[in-house]
Amino acid sequence: MFFHVILTGECNSQCRYCFGEAIDDFEDDSSGSEVDYCLPKTMDYDVYLLARFCAHDPECVLTFYGGEPLLCVEEIKEIMDGVKAKGFMIQTNGLLLDRLEPKYVNRFHTILVSIDGDEELTDFYRGEGTFKKVIRNLRLIKRNGFMGELIARMTVMEQTDIHKQVSWLLNNGEFPFSSIHWQLNAGFWNDFARRDFKQWSEGNYNQGIRKLIRFWVDCMEKNGAVLKLYPILGVAYSLLHGEERGLLRCGGGWTNYAIQTDGHIIICPTMWGMKNYYLGHISHADPLKLNKIFVGKPCTECDTYNVCGGRCLYANITKRWNGEAYSLVCATVRNLVEAVAKEIPRIKELVEKREISLKDFEYLKYNGCEIIP
Ligand code: SF4
Ligand code: SF4
C-alpha cells in the first residue's frame, strides 16, 4: 500500500492555482461532507504509531506530502529513522530541498518536484525566483549523490502550451528531466465560470497532446527510447497489456491513501478534513483492511471508464464543475486515450523489430503520478 503522510497544511509558496484559488473559492462543494477545520498544523501523533501501522504491511511505501513537507525536516528525519517502510518518496515544491541532509535525500526512491516548464511559465504560476531556486536545489541534490527517480510534476492550465513546455523540460541546457508528469488544474475548485478552459482545451491542449504523443513514438523510432512521460506511458502500458480495470489510476481510495496530521486516514490528500470520508486512525487501523471507495456516476457509465479509471475521486465526489464543464475534461481524457491507441500499431511494430522492449514501458505504479491528467 501507498500512503501520503501529510506533515503540514502550511506552504511556503503562493501558487496561482492553489493559494490564489483558495482565496477566491467561497462556495461549498456538493459532497455534503462535514469538514474538520481544526486539524493540527503539523503532525501531532507519535511516530511510533506510524511505525506500528506500517509494520502490518511489508509493502508499505510512504510519500511525504503537505502543504510543503520540507517545512518539517525534523519530522521527516524522525520518520525515516523510526519507520521501517519499503520505501520513501516526497512531493515537494523543491524550494527547501537544500535543508535536508544528503543521507536522507539519497534514500528517497522518488522525488516529485513541482515545476511547470521553463522559467517564465514556472515563475508566472509559482512566483518570481521559484524556477532558479528549484533548479539550484536539484543540481545540489544530484551533486550530493541522489540516484533515485526525479519527476518533474507540472500543473497545467490555460497559460500552458503542453507540447512546448514538456519538450523544454526534456531538452534544455539548465536541467533536463527524464521523467515528467502533469495534471490539469480542472474540476478541483469552483472556478469554471472565471476560466477560459473550453477555448484552451479544445483549441490548444488537445492538439498539443496529439503532437506530443507522435513525438514520443518518434523518439522510440529514432533513439530506441521510451520516455517517461507518465500520462502517455501509463495509458500506453494499459493498452499494450490489455489492462482495462476501471480502477482509479492514482490508486486513491483503494491502494493509495493519505494520513492527516492528526493520524486519521483519508482517501487522498485533497480530501483533508472531510470527516464523512475518514477511514480510521493509524492507532487502530490495519493498512491491509482499509475500506475501499470507488468513483460513481458519471464515470461508471462512461465508455472510457475502463482505461480512464475515473480520473479523480475528489472531483467525482465534490463535483465542483458541473456536468457540462466536466465533460470538457473528459474530452481531454478521450483525446489522450484515442491518440495513444492510434500509435499502438507503430509501437507494436517497434517491439517486434526489437528496437524497443515491452519492459521499457514498466514503471512504479501509484508513485504519485495520477496518469490521467
Ligand atoms: S472520461 Fe470522464 S466520465 Fe469517463 S471515466 Fe474518465 S473522468 Fe469519468
Ligand atoms: S487524482 Fe484525485 S483522487 Fe487521485 S490523488 Fe489526485 S486528487 Fe486524489
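First listed ligand is number 1; within each ligand, the first listed atom is number 1.
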For [atom], what's the nearest protein heavy atom and its distance?
atom                    : result
atom 6 (Fe) of ligand 1 : Cys308 SG, 2.4 Å
atom 8 (Fe) of ligand 2 : Cys268 SG, 2.2 Å
atom 4 (Fe) of ligand 1 : Cys302 SG, 2.4 Å
atom 7 (S) of ligand 2  : Thr270 OG1, 3.4 Å
atom 2 (Fe) of ligand 2 : Cys312 SG, 2.3 Å
atom 3 (S) of ligand 1  : Cys330 SG, 3.6 Å

With a cutoff of 4.0 Å, is Gly252 in contact with ligand 2, counting heavy atoms of the residue only? no

[Y] and [X] side chains, donor-acceptor separation under 3.5 Å:
X      : Y      : answer
Tyr326 : Arg311 : yes
Asp262 : Gln260 : yes
Glu68  : Ser13  : no
Asp81  : Tyr104 : yes

Candidates Trp168, Tyr125, Phe175 - the one meeting ring pair (Phe, Tyr, Trp, His ring centres under 6.0 Å) with Phe131: Trp168

Under 4.0 Å from a heavy atom of [X]: which atoms of ligand 1 are those, numbered in the order shown and with their elements?
X      : answer
Cys299 : 3 (S), 5 (S), 7 (S), 8 (Fe)
Arg311 : 7 (S)
Tyr305 : 5 (S)

For ligand 2, note which part of Cys250 has a heavy atom under 4.0 Å away: side chain, backbone, both or neither. side chain

Applying a 4.0 Å heavy-atom criterion (strictly less than), which segment of Leu313 is in contact with ligand 2: side chain, backbone, both, or neither? both

Given side chains that start at C-beta, do those of Gln159 and Leu121 come closer than 4.5 Å, heavy atoms only? yes

Cation-pi between Arg16 and Phe124: NZ/CZ under 6.0 Å from ring centre and within 45° of the ring axis? yes

Please find out if less than 6.0 Å separates the ring center of Tyr366 from that of Trp254. yes

